[in-house]
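Below you'll find the structure, written out as structure tokens, and then a few comments.
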Amino acid sequence: MSPLWRTSALVFLAILLSPHALTAAQLTPAGIAYTPQVSACPSGTSLVRSTGMTHQNLSQGEEGYVSSRQAKVLPAAWSTYLANVEHSAAQQHTSLPAYVKEVLSCAGDRPTLGIATSGGGHRAAFFGAGVLNALDGRNATSVGAGTGGLLQTASYLSGLSGGSWLLTSLVQAGFPTIPSLIFGLNAGGANSFGGFLTQFDLFQVSNNTIVENEFLETLLGEVSGKAAEGFHVTIADVWARTLSRHFVNGTTAANFLDPNFTHGAGETFSSLVNLPIFQAHQIPFPIVIGDTLSTHENDSTIVTGDEVPLSNPIYEFNVFEFGSFDPMLASFIPMSMLGSHGATCVTGFDQTAFVAGVSSNLWSEFNTSAAALQASEIGPIIDVINATFPQSGIRLDSAIVPNPFVGVAPTTYLDSSETQIALVDGGIDGQVIPIQPLLVKARDVDVIVAIDASADTEDNFTDGASLIATQDRVNLFPTAYSFPPVPATAAGFTAANLTKRPTFFGCNTSTSAPLLIYIANGGAPLGQVPQTNVSTFTDTFSASTIQGFLDQTFDIATQGIAVGDEKDPEWPVCLACAVVDRARARKGVDRSGACVGCLQRYCAS
Ligand SMILES: *[C@@H]1O[C@H](CO)[C@@H](O)[C@H](O)[C@H]1NC(C)=O
Ligand SMILES: *[C@@H]1O[C@H](CO)[C@@H](O)[C@H](O)[C@H]1NC(C)=O
Ligand SMILES: *[C@@H]1O[C@H](CO)[C@@H](O)[C@H](O)[C@H]1NC(C)=O
Ligand SMILES: *[C@@H]1O[C@H](CO)[C@@H](O)[C@H](O)[C@H]1NC(C)=O
Ligand SMILES: *[C@@H]1O[C@H](CO)[C@@H](O)[C@H](O)[C@H]1NC(C)=O
Ligand SMILES: *[C@@H]1O[C@H](CO)[C@@H](O)[C@H](O)[C@H]1NC(C)=O
Ligand SMILES: *[C@@H]1O[C@H](CO)[C@@H](O)[C@H](O)[C@H]1NC(C)=O
Ligand SMILES: *[C@@H]1O[C@H](CO)[C@@H](O)[C@H](O)[C@H]1NC(C)=O
Ligand SMILES: *[C@@H]1O[C@H](CO)[C@@H](O)[C@H](O)[C@H]1NC(C)=O
Ligand SMILES: *[C@@H]1O[C@H](CO)[C@@H](O)[C@H](O)[C@H]1NC(C)=O
Ligand SMILES: *[C@@H]1O[C@H](CO)[C@@H](O)[C@H](O)[C@H]1NC(C)=O
Ligand SMILES: *[C@@H]1O[C@H](CO)[C@@H](O)[C@H](O)[C@H]1NC(C)=O
């Protein structure tokens, strides 16, 4: 975002400040489609599902989806991946030990893989995309590198913030290849996917004040139907409507500024279960997370420099449900009913762009004081929201969702008596990689590929802080979650170069925790000029900049422990060794062959 936005928003403020300027009669097609529908709940029904506090169970929808995928789709995916690794190994005159092949070929032995892709704005969306591309069996270069095909074997894919932009856009567009996702499908049709459209900034779409004001006015108008229906609207709703133009079907460069298109409004996250690829169990089960701010929280568990305490519940959005597996809440409602409260049933609230907007709502970070918020880039838009939709008793810097869990777990759930919950960016408790959903024991995840593009250092690279925060949080919930040991400090990561090359955690430790394959944006690969460390707030990119970013990420994901500017020829084999290692242990087989050396080299715990 550029400071120019502030200037034009202030001009906009002057134009718009008539509280009745936006009435339901003036709703655009997007405004109509963004408005949730309200009805009385059928009497005697409860929307809330309890998962149990220590041995959480899954929804029927998820259970059915993942087991069908594992039975019908993954056997072929694993054998394709195995063939790719073997082909690459043969070219490097190395080979996989027999047990890797046995584990991947045998029903009941195969590992359960989850991939988590971090926050960090467009930087994270591109870095995550670049790593997924390097693991994608549809990309011949990735197949040639011996890493392609692993993406197709995943049971789960989680994303938060910038990673949720990648995840939601990818899923709702029908899981196209990464270049076609980012640069657009050119499939034609008003409701197809037009690409990330990074020639437009997220808020500052034009330097022409009139055009810019009209754009912001359009966004405000699009949330006014939701307000008129009695829901709170905040910065997160306006944010959702601009994100929708980049990460949801229905926008092209040509119609970008035209207010008469729906621009993705009305597309709900729960409706993605109807996509043919979902019906055919062709994609990993997608999960997005958000954090929460509460007046009842225990601030002594805030990681220094972050905003949300680690002891607060983490909320999960999946296509079937919304809620939290954390033991103090351990409850869900159907995703399609998000926004419901008491005896009021709501649909159409769970819009795909709103889910991504919640997960990337880092605006609350600007609110260290009323004056700081006012002086920040969102100060003017907060003022307009406040003036246009007068509301009291809520935060305008967060996403406000009616609390469906009133009265649930009153002794352990901090917001049990609150009628609204305030949701914010999934990474602002310091855990920028969405690992928590993959630690839920009922999901039985054996191995996690953790993609980390957090900007921790002065030059916007990663220093391992996110994994440290996850380790700290797991220590607060020892019966619910297990996590392999990671260094206690960022210095521990940097001293051993753990962010500069792929690192495995948990090789030598308890197998009750998943094994972690950590791929971080810790520095440029192979002596190249850095291109992957752009600021979290950079939102416009040319196609050639994006291509350079993706190509460099491809090298980061395929270099292994490089020697000079030579990639480790054994890296694809080592990756496969890590992927199967928990499944190997389950079979009671010892590591052998190339895997012994691989795990010595790549494991940090
Ligand atoms: C899930 O756990 C809850 C709470 O323990 C229990 O009431 C419910 O029966 C369980 N459901 C299944 C399918 O096991
Ligand atoms: C989005 O558009 C793509 C084509 O560009 C299509 O395959 C996909 O089904 C659409 N998704 C939704 C949710 O309509
Ligand atoms: C606005 O002006 C700045 C500075 O001249 C330029 O870098 C930027 O590309 C312009 N933005 C748009 C959307 O035209
Ligand atoms: C959008 O529709 C309105 C009402 O039909 C019309 O006045 C306006 O010119 C249209 N805007 C564009 C950009 O086509
Ligand atoms: C807040 O968290 C700290 C650190 O985990 C803990 O020692 C303390 O008991 C908690 N306070 C309350 C009121 O729960
Ligand atoms: C919203 O407007 C009211 C009335 O002018 C004012 O008292 C309040 O401080 C404003 N709130 C914010 C968050 O700006
Ligand atoms: C800023 O944060 C405070 C709590 O620290 C909250 O009460 C207030 O509503 C927030 N302001 C806005 C505009 O959300
Ligand atoms: C990217 O990293 C290089 C090397 O450390 C540094 O010179 C540059 O300033 C960084 N760029 C950003 C935007 O942080
Ligand atoms: C970390 O990387 C640097 C630069 O490649 C190298 O000089 C150093 O020996 C490495 N340190 C360790 C502990 O591997
Ligand atoms: C990232 O890059 C931006 C722009 O160069 C810079 O202002 C910022 O300080 C850098 N570091 C972090 C941690 O954001
Ligand atoms: C495969 O990945 C490479 C490396 O990023 C990229 O240049 C190429 O466009 C991709 N090809 C396809 C078909 O996706
Ligand atoms: C793991 O155990 C092996 C075999 O005992 C040992 O060689 C290796 O150094 C250990 N690695 C770590 C990181 O503890």
Side-chain angles (χ1 to χ4, degrees), residues 33 126-145 147-149 151 168-197 244 247-252 262-280 282-283 286 319 350-353 355 487 491-503 522-528 531-532 543-544 546-566 568 601-602 604:
F126 291 138
F127 189 79
V131 175
L132 296 189
N133 177 52
L135 304 180
D136 193 337
R138 296 169 297 182
N139 185 309
T141 317
S142 310
V143 169
T147 50
L151 173 61
T168 55
S169 61
L170 184 64
V171 171
Q172 68 85 46
F175 223 77
T177 62
I178 292 300
S180 41
L181 176 75
I182 292 175
F183 300 115
L185 292 174
N186 294 323
N191 201 34
S192 70
F193 191 62
F196 283 8
L197 299 175
S244 192
F247 303 113
V248 182
N249 281 12
T251 302
T252 61
T262 51
H263 296 293
E267 185 196 290
T268 58
F269 204 47
S270 56
S271 73
L272 300 184
V273 300
N274 300 321
L275 285 170
I277 44 144
F278 195 87
Q279 292 287 319
Q282 296 267 312
I283 57 169
V319 288
D350 65 316
Q351 307 223 348
T352 305
V355 170
F493 276 85
T494 41
N497 292 336
L498 302 185
T499 60
K500 291 201 159 58
R501 43 93 156 179
T503 303
L526 312 172
Q528 298 172 17
Q531 298 183 57
T532 61
S544 63
I546 296 171
Q547 191 61 53
F549 193 125
L550 293 176
D551 290 345
Q552 190 163 87
T553 307
F554 182 85
D555 283 338
I556 292 172
T558 56
Q559 70 184 1
I561 302 179
V563 178
D565 59 1
E566 294 294 324
D568 175 3
R601 263 184 301 148
Y602 283 91

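Order of listing sets the numbers, starting from 1, for every ligand and every atom in it.
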Ligand-side contact atoms (ligand 11) for residue partner [X], heavy atom cut-off under 4.0 Å:
X      : answer
Asn133 : 1 (C), 2 (O), 3 (C), 4 (C), 5 (O)
Asp551 : 4 (C), 5 (O), 7 (O)
Gln547 : 7 (O)

Just so I know, are the side chains of [X] and [Y] near enough to count as touching, which here means a heavy-atom distance under 4.5 Å?
X      : Y      : result
Thr168 : Phe269 : yes
Ile283 : Val171 : yes
Leu550 : Phe554 : no
Asn139 : Ile178 : no

Are any non-hydrogen protein atoms located under 4.0 Å from atom 3 (C) of ligand 9?
->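 Given the 4.0 Å limit, the answer for atom 3 (C) of ligand 9 is yes, a protein heavy atom qualifies.
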
Test item: protein heavy atom less than 4.0 Å from atom 7 (O) of ligand 9 =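 Looking at atom 7 (O) of ligand 9, one finds that no protein heavy atom lies closer than 4.0 Å.
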
Below 4.0 Å from any atom of ligand 2, is there a heavy atom belonging to Ser192?
->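 It does; at least one heavy atom falls under 4.0 Å.
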
Can you check salt bridge (Lys or Arg N to Asp or Glu O under 4.0 Å) on Arg601 and Asp568, steps first, answer last?
-> CA-CA 11 Å; Arg601 263 184 301 148; Asp568 175 3; 2.8 Å; yes

Does one side chain, of Asp555 or Gln528, offer a donor that lies under 3.5 Å from an acceptor on the other?
->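 A pair is found: one side chain offers a donor N or O, the other an acceptor, under 3.5 Å apart.
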
Those atoms of ligand 2 less than 4.0 Å from some heavy atom in Glu267 =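 Matching atoms, with element in brackets: 13 (C).
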
What atoms of ligand 2 come within less than 4.0 Å of a heavy atom belonging to Asn249?
->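 Close to Asn249: 1 (C), 2 (O), 3 (C), 8 (C), 10 (C), 11 (N), 12 (C), 14 (O).
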
Tell me, which protein residue and heavy-atom name are nearest [atom], and how many Å apart are they?
atom                    : value
atom 9 (O) of ligand 11 : Pro179 CG, 4.0 Å
atom 1 (C) of ligand 11 : Asn139 ND2, 1.5 Å
atom 14 (O) of ligand 9 : Asn497 ND2, 3.4 Å

Would a distance-only check, ignoring hydrogens and angles, find a side-chain to backbone donor-acceptor pair under 3.5 Å from Thr532 to Thr553?
->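 Checked: no pair found.
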
Is there a donor-acceptor contact under 3.5 Å from the side chain of Gln279 to the main chain of Val273?
->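 Flag set: sc Gln279 to bb Val273 pair under 3.5 Å.
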
Test side-chain hydrogen bond (donor to acceptor under 3.5 Å, both in side chains) applied to Ser244 and His263, step by step = CA-CA 6 Å; Ser244 192; His263 296 293; over 6 Å; no

Atoms of ligand 9 less than 4.0 Å from Ala495 heavy atoms?
->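 Heavy-atom distances to Ala495 below 4.0 Å select 13 (C).
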
Quick one: look at Asp136 and ligand 11, take heavy-atom pairs under 4.0 Å, and tell me if it's side chain, backbone, both or neither.
->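 Neither; nothing of Asp136 gets under 4.0 Å from ligand 11.
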
Mind checking whether Arg138 contacts ligand 11 via backbone (N, CA, C, O), side chain (CB onward), both or neither, at a 4.0 Å heavy-atom cut-off?
->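 Neither; no heavy atom under 4.0 Å.
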
Quick one: does Phe193 get an N or O within less than 3.5 Å of an N or O on ligand 2?
->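 Yes, at least one N or O pair falls under 3.5 Å.
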
Could you tell me whether some N/O pair between Gln172 and ligand 2 is separated by less than 3.5 angstrom?
->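 In this structure, Gln172 places an N or O atom under 3.5 Å from an N or O of ligand 2.
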
Enter the distance from Thr262:OG1 to Asn191:CG here, rounded to the nearest 0.5 Å.
->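 Between Thr262 OG1 and Asn191 CG, I get 6.0 Å after rounding to 0.5 Å.
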
